[in-house]
Participant: 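Okay, handing you the structure first.
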Amino acid sequence: MKITDAKIYLNSPGRNYLTIEIHTDEGVIGLGDGTLNGRELAVYSYLKEHLFPSLIGRDPFDTEDIWNFFYRGAYWRRGPVTMTAIGAIDIALWDIKAKALGVPLYKLLGGSSREKVLVYCHASGRDTDHAMEEVAKKRELGYKAIRIQSGVPGMESIYGISKEKDSYEPAKKGELPEEESWNTSKYLNFVPSLFQRARDEFGYDLHFLHDCHHRLTPNEAAQLGKDLEPYKLFWLEDTVPGELQEGLRLIRQRTTTPLAIGEIFNTVYDCQTLITEQLIDYLRMTVSHSGGITPMMKIAAFAAIYHVKIGMHGPSDVSPIALSACLHVSRAINNLGILEYMGYSDKMSEAFPHEIHYKDGHLYTGNAPGLGVEFNKDFAEKHPYQKAYLPINRLEDGTMFHW
Ligand code: EZ4
Ligand code: CO
């Protein structure tokens, strides 16, 4: 089998996606996702100008060699743009392999370790009352694990809370990023009461999660972790910015609240210390931003040796193609923790008809060969890419901060 062509599509069925197709001489077509929220055009040209030309004529079954060709061959290694571009290709090649063999992807990744994958959804409220209403709705839908975010008294906007509509999409259309503002003490004083209320109302049967979105120092994170210990979180996510892995050591020594991090990591070298020193409980790297299925399977195996579980990033900026890759990996690996699932709008599902199936707190892969996702090009072409950015974040005095 030989690769004959590679195509790239930017589309926006409700939000921006970068979709690729890899064609073969046997007529099998693989789909990949190279969406990098707010930086789509950089991945677009990286793929089109620098990677696609080297693919033509290659055997799509040679995923290991092709991955190393692109990873080692660039000389300029790592980084989200590079790794997302390589990830898009790697996902598409695995889709081709599984389709050519007529099996769902997980069958090539060690097979089925479980039939269904535990997922968590989002409950986001303007305030505590609203957040509790959202938790009740999600519990009604059967979710066993729920991430709770809430507006904070005295703060105008915050990560995770939509001002306009119910479903949260952080990237806003426009030529320039929007600005948010932040106050750490208001946040730290508020969050424990949110989870106290959640436990008072819903008891201890549901798993609750929370995302700090990289805004704390290690000491602040340790304080929050300790304050939240009575409420038994499933995890506390992205407490500190992850570039400094040693920062997690300070948190780890001072709280037993489980820690998760990694949605912006793109190679194993971003989490080597976190894993070998067992500083985290869950690694949040996602398939498309981490160079694809080939490295993700290795990272999962490496993490397993150190008792670290995999809880991949699965927001709606990870398209159904990439989420399906995450789902098949999650089904296959032994050390699954959980998978994030925000769901997709009708428009998104029309652009990417898929086999991903939610029932009673879990996701199912379906049995279609490959990823089990299609790409409705005609529909997607009617929804062209529109420039959009994630916000930036400043402290109340104007100091540039982490978003
Ligand atoms: O901010 O995917 O856990 N989920 C998250 C997400 C990220 C977005 C960025 O594109 O933190 O909402
Ligand atoms: Co997050």
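Both ligands and their constituent atoms are indexed starting at 1 by order of listing.
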Participant: List in chain and number order the residues that pass ring pair (Phe, Tyr, Trp, His ring centres under 6.0 Å) with Phe190, two or more places apart in sequence or in another chain; answer none if no residue qualifies.
Facilitator: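 For Phe190, no residue satisfies ring pair (Phe, Tyr, Trp, His ring centres under 6.0 Å) once neighbours in sequence are set aside.
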Participant: Given the ring of Tyr17, does Arg15 sit roughly above its face, with NZ or CZ under 6.0 Å from the centre of the six-membered ring and within 45° of the axis?
Facilitator: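 Flagged: Arg15 positioned over aromatic ring of Tyr17.
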Participant: To check your reading of the model: name the closest protein heavy atom to atom 12 (O) of ligand 1, its residue, and the distance in Å.
Facilitator: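 Answer, as residue, atom name and distance: Tyr159 OH, 2.6 Å.
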Participant: Distance under 4.0 Å to a non-hydrogen atom of Arg147: what atoms of ligand 1 satisfy this?
Facilitator: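 Near Arg147, meaning under 4.0 Å from one of its heavy atoms, ligand 1 has 3 (O), 4 (N).
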Participant: Which ligand 1 atoms are under 4.0 Å away from a heavy-atom of Trp403?
Facilitator: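 Once the distances to Trp403 are compared, the set is 1 (O).
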Participant: Hey, could you give me each pair passing side chain to side chain donor-acceptor pair (under 3.5 Å) that has a residue in residues 286-297? Not counting sequence neighbours.
Facilitator: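 As it turns out, the side chain to side chain donor-acceptor pair (under 3.5 Å) pairs with a partner in residues 286-297, which skip direct neighbours, are Asp90-Thr294, Trp94-Thr294.
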Participant: At less than 4.0 angstrom from any non-hydrogen atom of Arg284, what atoms of ligand 1 do you find?
Facilitator: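 Reading through ligand 1 atom by atom, the close ones are 3 (O), 4 (N).
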Participant: Is ligand 1 less than 4.0 angstrom away from at least one heavy atom of Met342?
Facilitator: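 No; Met342 lies far enough from ligand 1 that no heavy-atom distance drops under 4.0 Å.
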Participant: Looking only at atom types and distance, does a side-chain atom of Glu237 sit under 3.5 Å from a main-chain N or O of His210, one as donor and one as acceptor?
Facilitator: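 Not a single qualifying donor-acceptor pair exists.
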Participant: Once you round to the nearest 0.5 Å, how far does CD1 of Ile3 lie from CD1 of Ile96?
Facilitator: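 The CD1 atom of Ile96 is 5.5 Å from CD1 of Ile3, to the nearest 0.5 Å.
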Participant: Assess whether a salt bridge exists between Asp129 and Arg197, defined as any Lys/Arg side-chain N lying under 4.0 Å from an Asp/Glu carboxylate O.
Facilitator: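 Looking at Asp129 and Arg197, the cut-off is met.
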Participant: Which N, O or S atom name in Glu237 marks its closest approach to the Co ion (ligand 2)?
Facilitator: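 The closest N, O or S atom of Glu237 to the Co ion (ligand 2) is OE2.
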Participant: Does Arg331 count as lying over the ring of Tyr106, i.e. NZ or CZ under 6.0 Å from the six-ring centre, within 45 degrees of the axis?
Facilitator: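 Judged by the rule, Arg331 and Tyr106 form a cation-pi pair.
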Participant: Would the distance check show the side chain of Arg252 and the main-chain N or O of Gln278 forming a donor-acceptor pair, the cut-off being under 3.5 Å?
Facilitator: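 Such a contact is found between Arg252 side chain and Gln278 backbone.
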Participant: Taking the six-membered ring for Trp, are Tyr120 and Trp235 closer than 6.0 Å centroid to centroid?
Facilitator: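 Yes.
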Participant: Closest N/O/S atom of Glu263 to the Co ion (ligand 2), by atom name?
Facilitator: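 The closest N, O or S atom of Glu263 to the Co ion (ligand 2) is OE1.
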Participant: Please write down residue, atom name and distance for the protein heavy atom closest to atom 1 (O) of ligand 1.
Facilitator: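 Here the nearest protein heavy atom works out to His213 NE2, 2.7 Å.
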Participant: Show the atoms of ligand 1 that are less than 4.0 angstrom away from any heavy atom in Pro315.
Facilitator: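 Matching atoms, with element in brackets: 2 (O).
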Participant: Hey, which atoms in ligand 1 end up nearer than 4.0 Å to a heavy atom of His313?
Facilitator: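 Counting atoms of ligand 1 from 1, those under 4.0 Å from His313 are 2 (O), 3 (O), 4 (N), 5 (C), 6 (C), 7 (C).
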Participant: List the closest protein heavy-atom neighbour of atom 10 (O) of ligand 1: residue, atom name, distance to the nearest 0.1 Å.
Facilitator: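 The closest heavy atom on the protein side is Asn37 ND2, 2.8 Å.
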Participant: Which protein heavy atom lies closest to atom 11 (O) of ligand 1, and at what distance to 0.1 Å?
Facilitator: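 Scanning the protein heavy atoms, the shortest distance from atom 11 (O) of ligand 1 goes to Glu263 OE2, 2.7 Å.
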Participant: I'd like to know whether the aromatic ring centres of Phe202 and Phe195 sit less than 6.0 Å apart in this structure.
Facilitator: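 Judged by ring-centre distance (under 6.0 Å), Phe202 and Phe195 do not meet the cut-off.
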Participant: Identify, for atom 2 (O) of ligand 1, the protein heavy atom at the shortest distance, and state residue, atom and that distance.
Facilitator: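 Protein heavy atom at minimum distance: Asp317 OD1, 2.8 Å.
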Participant: Taking N, O or S atoms only and a limit of 2.8 Å, check whether Glu340 reaches the Co ion (ligand 2).
Facilitator: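 Short answer: no, not a single N, O or S atom is under the cut-off.
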Participant: Counting backbone and side chain alike, does Asp211 bring an N/O/S atom below 2.8 Å of the Co ion (ligand 2)?
Facilitator: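 Short answer: yes, at least one N, O or S atom is under the cut-off.
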Participant: Would you mind running through ligand 1 and noting each atom that sits below 4.0 Å from a heavy atom of Asp211?
Facilitator: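 So the answer, numbered in order with elements, is 3 (O), 4 (N), 5 (C), 11 (O).
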